[in-house]
Amino acid sequence: MKQWKNALRAAFPCTIPVLMGYLFAGMAFGVLFRSKGYHFGWAALMSLLVYAGSMQFVAVNFFVPGISLLSVAFMTLMVNIRHVFYGLSMLRKFEGMGKKKLYMIFSLTDETYSLLCASEPPHGVDRGLFFFCIALLDQLYWIAGSMAGGLAGELITFDTTGIDFTLTALFVVIFVEQWLSTKNHWPALIGLGAAGICLVIFGQENFILPSMIVMLCVLMAFRKKETKGEEA
Amino acid sequence: MTLGVGESVLVILLIAAVTFLTRAFPFLVFPSGKPVPRTVKYLGEVLPSAVIGMLVVYCLKGVTPLTWPYGIPEILAVAAVIGLHVWKRNNLISICGGTAFYMVLVQVFFCK
(Lines give C-alpha, C1' and ligand atoms only; values in the text may rest on other atoms or scores of the structure.)
Protein backbone atom coordinates (compact mmCIF):
# COMPACT_ATOMS: atom_id res chain seq x y z
CA MET A 1 0.00 0.00 0.00
CA LYS A 2 2.83 2.35 0.95
CA GLN A 3 4.56 1.46 -2.30
CA TRP A 4 1.47 2.51 -4.22
CA LYS A 5 1.28 5.77 -2.36
CA ASN A 6 4.92 6.53 -3.12
CA ALA A 7 4.52 5.67 -6.77
CA LEU A 8 1.38 7.78 -7.07
CA ARG A 9 3.03 10.70 -5.33
CA ALA A 10 6.03 10.50 -7.66
CA ALA A 11 3.92 10.02 -10.79
CA PHE A 12 1.39 12.80 -10.25
CA PRO A 13 3.67 15.82 -10.85
CA CYS A 14 4.88 14.26 -14.12
CA THR A 15 1.29 14.01 -15.34
CA ILE A 16 0.12 17.57 -14.60
CA PRO A 17 0.71 18.81 -18.16
CA VAL A 18 -1.35 15.88 -19.46
CA LEU A 19 -3.97 16.63 -16.81
CA MET A 20 -4.50 20.09 -18.26
CA GLY A 21 -4.35 18.92 -21.85
CA TYR A 22 -6.61 15.90 -21.42
CA LEU A 23 -9.23 17.62 -19.31
CA PHE A 24 -9.85 20.20 -22.01
CA ALA A 25 -9.38 17.94 -25.02
CA GLY A 26 -11.61 15.36 -23.31
CA MET A 27 -14.25 18.01 -22.71
CA ALA A 28 -14.16 19.03 -26.35
CA PHE A 29 -14.77 15.41 -27.27
CA GLY A 30 -17.63 15.08 -24.79
CA VAL A 31 -19.31 18.19 -26.18
CA LEU A 32 -18.87 16.98 -29.76
CA PHE A 33 -20.21 13.51 -29.02
CA ARG A 34 -23.21 14.95 -27.24
CA SER A 35 -23.98 17.13 -30.24
CA LYS A 36 -24.57 13.81 -32.08
CA GLY A 37 -27.04 12.76 -29.41
CA TYR A 38 -24.72 10.64 -27.27
CA HIS A 39 -24.86 11.68 -23.61
CA PHE A 40 -21.94 11.75 -21.17
CA GLY A 41 -22.25 8.04 -20.36
CA TRP A 42 -21.40 7.21 -23.96
CA ALA A 43 -18.45 9.59 -23.94
CA ALA A 44 -17.21 7.92 -20.75
CA LEU A 45 -17.67 4.43 -22.22
CA MET A 46 -15.70 5.36 -25.32
CA SER A 47 -12.91 6.99 -23.28
CA LEU A 48 -12.81 3.93 -21.05
CA LEU A 49 -12.67 1.31 -23.81
CA VAL A 50 -11.10 3.07 -26.80
CA TYR A 51 -8.92 5.72 -25.15
CA ALA A 52 -7.32 7.30 -28.21
CA GLY A 53 -7.38 11.09 -28.40
CA SER A 54 -7.54 12.09 -32.03
CA MET A 55 -9.20 8.81 -32.99
CA GLN A 56 -12.22 9.54 -30.81
CA PHE A 57 -12.77 12.84 -32.59
CA VAL A 58 -12.69 11.04 -35.93
CA ALA A 59 -14.91 8.28 -34.56
CA VAL A 60 -17.75 10.68 -33.79
CA ASN A 61 -18.50 10.62 -37.51
CA PHE A 62 -18.91 6.83 -37.54
CA PHE A 63 -22.20 6.92 -35.67
CA VAL A 64 -24.44 7.36 -38.69
CA PRO A 65 -26.88 4.87 -40.19
CA GLY A 66 -25.41 2.65 -42.87
CA ILE A 67 -21.77 2.97 -41.83
CA SER A 68 -19.92 -0.22 -42.69
CA LEU A 69 -17.97 -1.94 -39.94
CA LEU A 70 -15.22 -2.64 -42.42
CA SER A 71 -14.65 1.03 -43.09
CA VAL A 72 -14.76 1.75 -39.34
CA ALA A 73 -12.02 -0.83 -38.81
CA PHE A 74 -9.98 0.51 -41.72
CA MET A 75 -10.24 4.16 -40.68
CA THR A 76 -9.28 3.26 -37.11
CA LEU A 77 -6.27 1.36 -38.39
CA MET A 78 -5.15 4.30 -40.52
CA VAL A 79 -5.52 6.90 -37.79
CA ASN A 80 -3.78 4.75 -35.17
CA ILE A 81 -1.14 3.04 -37.28
CA ARG A 82 1.63 5.14 -35.72
CA HIS A 83 1.07 3.26 -32.47
CA VAL A 84 2.41 0.14 -34.12
CA PHE A 85 5.90 1.58 -33.64
CA TYR A 86 5.55 3.01 -30.14
CA GLY A 87 5.76 -0.36 -28.42
CA LEU A 88 9.22 -0.96 -29.89
CA SER A 89 10.61 1.47 -27.32
CA MET A 90 8.60 -0.11 -24.52
CA LEU A 91 9.49 -3.80 -24.98
CA ARG A 92 12.13 -3.60 -22.25
CA LYS A 93 10.34 -1.05 -20.08
CA PHE A 94 7.18 -3.13 -19.70
CA GLU A 95 9.03 -6.39 -19.06
CA GLY A 96 8.30 -7.95 -15.69
CA MET A 97 5.20 -5.84 -15.09
CA GLY A 98 2.98 -8.92 -14.93
CA LYS A 99 -0.72 -8.28 -15.35
CA LYS A 100 -0.17 -4.54 -15.46
CA LYS A 101 1.64 -4.95 -18.77
CA LEU A 102 -1.65 -5.50 -20.58
CA TYR A 103 -2.98 -2.20 -19.30
CA MET A 104 0.28 -0.43 -20.16
CA ILE A 105 -0.07 -1.61 -23.76
CA PHE A 106 -3.75 -0.66 -23.91
CA SER A 107 -3.11 2.84 -22.56
CA LEU A 108 -0.15 3.74 -24.76
CA THR A 109 -1.40 7.06 -26.16
CA ASP A 110 0.90 9.71 -27.67
CA GLU A 111 1.00 11.61 -24.41
CA THR A 112 1.53 8.62 -22.13
CA TYR A 113 4.20 7.31 -24.49
CA SER A 114 6.00 10.66 -24.31
CA LEU A 115 5.84 10.76 -20.52
CA LEU A 116 7.08 7.19 -20.24
CA CYS A 117 10.01 8.01 -22.53
CA ALA A 118 10.86 11.14 -20.59
CA SER A 119 10.31 10.15 -16.94
CA GLU A 120 12.32 8.03 -14.55
CA PRO A 121 11.08 7.27 -11.02
CA PRO A 122 12.93 8.88 -8.11
CA HIS A 123 15.10 6.68 -5.93
CA GLY A 124 13.22 4.13 -3.87
CA VAL A 125 10.04 4.19 -5.95
CA ASP A 126 9.05 0.98 -7.75
CA ARG A 127 9.63 1.50 -11.47
CA GLY A 128 6.74 -0.60 -12.70
CA LEU A 129 4.26 0.96 -10.28
CA PHE A 130 5.50 4.43 -11.20
CA PHE A 131 4.90 3.84 -14.91
CA PHE A 132 1.54 2.22 -14.19
CA CYS A 133 0.43 5.23 -12.14
CA ILE A 134 1.38 7.61 -14.95
CA ALA A 135 -0.66 5.59 -17.44
CA LEU A 136 -3.63 5.24 -15.10
CA LEU A 137 -3.75 8.90 -14.06
CA ASP A 138 -3.61 9.99 -17.70
CA GLN A 139 -6.61 7.86 -18.61
CA LEU A 140 -8.56 9.05 -15.57
CA TYR A 141 -8.03 12.67 -16.69
CA TRP A 142 -9.26 11.78 -20.15
CA ILE A 143 -12.38 10.01 -18.86
CA ALA A 144 -13.12 12.83 -16.41
CA GLY A 145 -12.71 15.43 -19.14
CA SER A 146 -14.96 13.66 -21.62
CA MET A 147 -17.66 13.09 -18.99
CA ALA A 148 -17.51 16.73 -17.91
CA GLY A 149 -17.79 17.82 -21.54
CA GLY A 150 -20.79 15.58 -22.12
CA LEU A 151 -22.45 16.79 -18.93
CA ALA A 152 -21.82 20.49 -18.81
CA GLY A 153 -19.55 21.60 -21.62
CA GLU A 154 -21.55 24.72 -22.32
CA LEU A 155 -21.29 25.89 -18.71
CA ILE A 156 -17.70 26.97 -19.30
CA THR A 157 -18.05 30.68 -19.81
CA PHE A 158 -14.48 31.89 -20.01
CA ASP A 159 -12.75 31.91 -23.35
CA THR A 160 -10.69 28.72 -23.67
CA THR A 161 -9.40 29.44 -27.17
CA GLY A 162 -5.81 28.29 -27.38
CA ILE A 163 -5.86 26.05 -24.33
CA ASP A 164 -5.19 23.07 -26.58
CA PHE A 165 -1.68 24.46 -26.89
CA THR A 166 -0.93 22.62 -23.61
CA LEU A 167 -0.26 19.39 -25.46
CA THR A 168 1.91 21.15 -28.06
CA ALA A 169 3.89 22.69 -25.21
CA LEU A 170 4.20 19.28 -23.56
CA PHE A 171 5.76 17.75 -26.67
CA VAL A 172 8.03 20.78 -27.18
CA VAL A 173 9.24 20.49 -23.58
CA ILE A 174 9.97 16.78 -23.92
CA PHE A 175 11.70 17.50 -27.21
CA VAL A 176 13.93 20.16 -25.59
CA GLU A 177 14.58 17.91 -22.60
CA GLN A 178 15.73 15.06 -24.85
CA TRP A 179 17.76 17.47 -26.93
CA LEU A 180 19.61 18.78 -23.87
CA SER A 181 20.23 15.33 -22.46
CA THR A 182 21.74 13.63 -25.52
CA LYS A 183 24.63 14.35 -27.84
CA ASN A 184 23.13 12.58 -30.82
CA HIS A 185 20.55 14.99 -32.24
CA TRP A 186 19.99 13.12 -35.49
CA PRO A 187 16.93 11.09 -34.45
CA ALA A 188 15.15 14.25 -33.24
CA LEU A 189 16.02 16.13 -36.41
CA ILE A 190 14.98 13.19 -38.59
CA GLY A 191 11.59 13.10 -36.83
CA LEU A 192 11.02 16.84 -37.28
CA GLY A 193 12.28 16.82 -40.86
CA ALA A 194 10.39 13.74 -42.04
CA ALA A 195 7.12 15.00 -40.54
CA GLY A 196 7.65 18.53 -41.86
CA ILE A 197 8.37 17.41 -45.39
CA CYS A 198 5.53 14.85 -45.42
CA LEU A 199 3.13 17.48 -44.07
CA VAL A 200 3.91 19.72 -47.04
CA ILE A 201 3.64 16.86 -49.56
CA PHE A 202 0.69 14.85 -48.22
CA GLY A 203 -1.31 17.50 -46.37
CA GLN A 204 -2.47 17.53 -42.77
CA GLU A 205 -4.95 14.66 -43.04
CA ASN A 206 -2.57 12.03 -44.41
CA PHE A 207 0.99 12.78 -43.42
CA ILE A 208 1.53 10.65 -40.31
CA LEU A 209 1.90 7.25 -41.95
CA PRO A 210 4.33 8.47 -44.65
CA SER A 211 6.26 10.37 -41.95
CA MET A 212 6.69 7.19 -39.92
CA ILE A 213 7.84 5.24 -42.96
CA VAL A 214 10.34 7.93 -44.02
CA MET A 215 11.58 8.19 -40.44
CA LEU A 216 12.14 4.45 -40.15
CA CYS A 217 13.96 4.29 -43.50
CA VAL A 218 16.28 7.19 -42.68
CA LEU A 219 16.97 5.88 -39.18
CA MET A 220 17.83 2.46 -40.65
CA ALA A 221 20.10 4.03 -43.25
CA PHE A 222 21.84 5.87 -40.43
CA ARG A 223 22.41 2.68 -38.51
CA LYS A 224 24.01 1.02 -41.55
CA LYS A 225 26.36 3.97 -41.86
CA GLU A 226 27.21 3.90 -38.18
CA THR A 227 27.92 0.17 -38.04
CA LYS A 228 30.03 0.48 -41.18
CA GLY A 229 31.96 3.26 -39.48
CA GLU A 230 32.56 1.02 -36.47
CA GLU A 231 33.81 -1.84 -38.60
CA ALA A 232 36.19 0.41 -40.52
CA MET B 1 -28.51 9.14 -31.25
CA THR B 2 -28.57 8.07 -34.83
CA LEU B 3 -27.71 4.40 -34.27
CA GLY B 4 -29.34 1.90 -31.92
CA VAL B 5 -27.74 1.06 -28.58
CA GLY B 6 -26.49 -2.33 -29.70
CA GLU B 7 -25.06 -1.00 -32.90
CA SER B 8 -23.36 1.91 -31.12
CA VAL B 9 -21.74 -0.44 -28.63
CA LEU B 10 -20.59 -2.65 -31.49
CA VAL B 11 -18.92 0.30 -33.24
CA ILE B 12 -17.18 1.34 -30.01
CA LEU B 13 -15.96 -2.21 -29.36
CA LEU B 14 -14.64 -2.48 -32.90
CA ILE B 15 -12.70 0.80 -32.63
CA ALA B 16 -11.39 -0.31 -29.23
CA ALA B 17 -10.24 -3.68 -30.60
CA VAL B 18 -8.42 -2.22 -33.61
CA THR B 19 -6.79 0.50 -31.48
CA PHE B 20 -5.60 -2.08 -28.97
CA LEU B 21 -4.22 -4.28 -31.75
CA THR B 22 -2.11 -1.43 -33.15
CA ARG B 23 -0.66 -0.82 -29.68
CA ALA B 24 -0.11 -4.52 -28.98
CA PHE B 25 1.49 -5.31 -32.34
CA PRO B 26 5.19 -5.04 -31.34
CA PHE B 27 4.54 -7.02 -28.16
CA LEU B 28 2.93 -9.82 -30.19
CA VAL B 29 5.78 -9.92 -32.69
CA PHE B 30 8.49 -9.76 -30.02
CA PRO B 31 7.11 -11.59 -26.97
CA SER B 32 9.03 -11.13 -23.72
CA GLY B 33 11.62 -13.77 -22.94
CA LYS B 34 12.70 -14.09 -26.54
CA PRO B 35 15.75 -12.11 -27.63
CA VAL B 36 14.89 -8.95 -29.56
CA PRO B 37 16.82 -8.45 -32.82
CA ARG B 38 19.50 -5.78 -32.58
CA THR B 39 17.86 -3.70 -35.28
CA VAL B 40 14.65 -3.53 -33.25
CA LYS B 41 16.59 -2.64 -30.12
CA TYR B 42 18.27 0.16 -32.03
CA LEU B 43 14.92 1.45 -33.32
CA GLY B 44 13.51 1.31 -29.81
CA GLU B 45 16.31 3.58 -28.67
CA VAL B 46 16.19 6.19 -31.42
CA LEU B 47 12.43 6.23 -32.07
CA PRO B 48 11.32 8.24 -29.01
CA SER B 49 13.28 11.33 -30.05
CA ALA B 50 12.12 11.00 -33.64
CA VAL B 51 8.48 10.34 -32.71
CA ILE B 52 8.37 13.31 -30.36
CA GLY B 53 9.78 15.50 -33.14
CA MET B 54 6.97 14.17 -35.33
CA LEU B 55 4.36 14.85 -32.64
CA VAL B 56 5.51 18.46 -32.37
CA VAL B 57 4.85 18.83 -36.11
CA TYR B 58 1.55 16.95 -35.68
CA CYS B 59 0.37 19.46 -33.09
CA LEU B 60 1.30 22.37 -35.34
CA LYS B 61 -0.19 20.89 -38.52
CA GLY B 62 -3.09 23.36 -38.56
CA VAL B 63 -0.79 26.39 -38.79
CA THR B 64 -1.30 28.48 -41.93
CA PRO B 65 2.02 30.07 -42.90
CA LEU B 66 0.62 31.74 -46.01
CA THR B 67 -2.52 33.29 -44.57
CA TRP B 68 -3.26 35.35 -41.46
CA PRO B 69 -1.92 35.00 -38.77
CA TYR B 70 0.95 33.34 -40.65
CA GLY B 71 1.79 31.02 -37.76
CA ILE B 72 3.17 33.95 -35.79
CA PRO B 73 1.41 33.08 -32.48
CA GLU B 74 2.63 29.49 -32.75
CA ILE B 75 6.21 30.54 -33.52
CA LEU B 76 6.24 33.00 -30.61
CA ALA B 77 4.67 30.55 -28.17
CA VAL B 78 6.95 27.64 -29.13
CA ALA B 79 9.94 29.97 -28.79
CA ALA B 80 8.64 31.00 -25.35
CA VAL B 81 8.32 27.37 -24.27
CA ILE B 82 11.86 26.58 -25.47
CA GLY B 83 13.27 29.72 -23.86
CA LEU B 84 11.51 29.12 -20.54
CA HIS B 85 12.58 25.52 -20.53
CA VAL B 86 16.25 26.13 -21.29
CA TRP B 87 16.21 28.84 -18.63
CA LYS B 88 14.32 27.17 -15.77
CA ARG B 89 14.31 23.50 -16.80
CA ASN B 90 10.92 23.12 -15.07
CA ASN B 91 8.20 21.32 -17.08
CA LEU B 92 5.29 23.02 -15.39
CA ILE B 93 6.63 26.56 -15.73
CA SER B 94 7.44 26.00 -19.41
CA ILE B 95 4.09 24.40 -20.26
CA CYS B 96 1.81 26.67 -18.22
CA GLY B 97 3.75 29.80 -19.13
CA GLY B 98 3.80 28.91 -22.82
CA THR B 99 0.11 28.03 -22.91
CA ALA B 100 -0.96 31.18 -21.07
CA PHE B 101 1.17 33.26 -23.44
CA TYR B 102 -0.37 31.52 -26.46
CA MET B 103 -3.91 32.05 -25.15
CA VAL B 104 -3.27 35.77 -24.73
CA LEU B 105 -1.77 35.91 -28.22
CA VAL B 106 -4.69 34.23 -29.99
CA GLN B 107 -7.41 35.85 -27.88
CA VAL B 108 -6.11 39.42 -27.73
CA PHE B 109 -3.56 40.12 -30.45
CA PHE B 110 -4.37 37.69 -33.23
CA CYS B 111 -8.16 37.33 -33.06
CA LYS B 112 -9.79 36.02 -36.19
Side-chain angles (χ1 to χ4, degrees), chain A residues 16-17 36-38 45-46 49-50 52 55 59 62-65 69 72-73 76-77 80-81 83-89 91 95 105-106 108 110 114 117 159 161-163 165-176 178 187-188 190-192 194-196 199 204 208 211 215 219 223, chain B residues 1-3 8-16 18-27 30 32 36 39-40 42-62 73-74 77-78 81-82 85-86 89 91-92 94-96 98-99 102-107:
Chain A
I16 292 176
K36 303 278 172 183
Y38 286 83
L45 183 72
M46 188 116 135
L49 296 178
V50 176
M55 182 60 221
F62 293 164
F63 295 85
V64 288
L69 291 180
V72 168
T76 309
L77 187 65
N80 282 331
I81 194 85
H83 290 136
V84 162
F85 304 101
Y86 288 8
L88 291 180
S89 317
L91 292 171
E95 232 167 62
I105 296 172
F106 159 78
L108 204 53
D110 295 325
S114 309
C117 290
D159 190 350
T161 310
I163 203 153
F165 191 78
T166 324
L167 292 176
T168 313
L170 170 70
F171 293 131
V172 172
V173 161
I174 293 172
F175 187 87
V176 173
Q178 290 194 336
I190 290 167
L192 272 186
L199 173 61
Q204 47 170 299
I208 286 295
S211 306
M215 246 164 57
L219 286 170
R223 174 178 156 81
Chain B
M1 268 171 78
T2 38
L3 294 183
S8 299
V9 171
L10 191 67
V11 170
I12 291 178
L13 287 178
L14 181 63
I15 301 169
V18 176
T19 302
F20 180 72
L21 274 183
T22 61
R23 290 175 185 164
F25 182 77
F27 298 91
F30 306 108
S32 63
V36 175
T39 311
V40 174
Y42 160 77
L43 281 179
E45 280 161 23
V46 289
L47 266 180
S49 308
V51 165
I52 285 156
M54 177 189 84
L55 289 173
V56 169
V57 176
Y58 182 75
C59 285
L60 297 171
K61 66 179 180 174
E74 284 78 14
V78 168
V81 173
I82 296 173
H85 199 69
V86 173
R89 218 60 198 270
N91 290 7
L92 272 187
S94 317
I95 292 167
C96 296
T99 305
Y102 181 76
M103 288 174 77
V104 172
L105 285 178
V106 292
Q107 287 181 21

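Sequence lines set the chain letters: A, B, ... in the order given, protein chains first and strands last, and positions in each chain run from 1.
- When A:Y86, A:F106, A:F63, A:F85 are compared by the number of non-hydrogen pairs under 4.5 Å with chain B, A:F63 comes out ahead.
- Between chain B and the residues A:A169, A:A52, A:A59, A:C117, the largest count of heavy-atom pairs under 4.5 Å involves A:A169.
- Both the backbone and the side chain of B:L47 come within less than 4.5 Å of a heavy atom of chain A.
- Proximity to chain B (any heavy atom under 4.5 Å) is restricted, for A:M55, to the side chain, taken from C-beta onward.
- Of the listed residues B:T39, B:L13, B:V9, the one with more heavy-atom pairs under 4.5 angstrom with chain A than any other is B:T39.
- The two residues B:M103 and A:T161 come nearest to each other via the heavy atoms CG-O, 3.6 Å.
- Rounding to the nearest 0.5 Å gives a distance of 12.5 Å between CG of A:L49 and CG of B:L14.
- At least one side-chain heavy atom of A:Y38 sits under 4.5 Å from a side-chain heavy atom of B:L3.
- Listed options B:S8, B:S94, B:G62 were ranked by heavy-atom pairs under 4.5 angstrom with chain A; first place goes to B:S8.
- Of all the listed residues (B:V40, B:V57, B:V78, B:T22), the one sharing the greatest number of non-hydrogen pairs under 4.5 Å with chain A is B:T22.
- Atom OG1 in B:T19 sits 4.0 Å away from atom CG in A:N80 (nearest 0.5 Å).
- Heavy atoms closer than 4.5 Å to chain B are found nowhere in A:I190, neither backbone nor side chain.
- Proximity to chain A is limited to the side chain of B:L60, based on heavy atoms less than 4.5 angstrom apart.
- One N or O on the side chain of B:Q107 and one on the backbone of A:D159 form a donor-acceptor pair closer than 3.5 Å.
- You'll find the side chain of B:M54 stays beyond 4.5 Å of the side chain of A:L192, heavy atoms only.
- A donor-acceptor pair is defined here as one N or O able to donate and one able to accept, closer than 3.5 Å; no such pair exists between the side chain of B:R23 and the backbone of A:I105.
- Of all heavy-atom pairs spanning B:F30 and A:L91, the tightest one is O-CD2, 3.9 Å.
- Atoms CD and CZ, on A:E95 and B:F27 in that order, are 10.0 Å from each other to the nearest 0.5 Å.
- The CG atom of B:L55 lies 5.5 Å from the OG atom of A:S114; values are rounded to the nearest 0.5 Å.
- At least one donor-acceptor pair under 3.5 Å links the side chain of B:Y42 to the backbone N or O of A:L219.
- When every heavy atom of A:T168 is checked against every heavy atom of B:C59, the shortest pair comes out as OG1-CB, 3.4 Å.
- Across all their heavy atoms, B:G44 and A:S89 have their closest contact at O-OG, 3.1 Å.
- Heavy atoms closer than 4.5 Å to chain B are found nowhere in A:A194, neither backbone nor side chain.
- For the pair B:V11 and A:F62, the tightest heavy-atom approach, listed with the atom from each and the gap, is CG1-CB, 4.2 Å.
- Taken to the nearest 0.5 Å, the OH atom of B:Y58 stands 9.5 Å off from the CD atom of A:Q204.
- Of all non-hydrogen atoms in A:F175 and B:V56, the two that sit nearest each other are CB-CG2, 4.4 Å.
- Per-residue counts of heavy-atom pairs under 4.5 Å with chain A were compared for B:L92, B:L105, B:I15; the largest is that of B:I15.
- Both the backbone and the side chain of B:V51 come within less than 4.5 Å of a heavy atom of chain A.
- How far NZ of B:K61 is from CD1 of A:I208: 7.5 Å, rounded to the nearest 0.5 Å.
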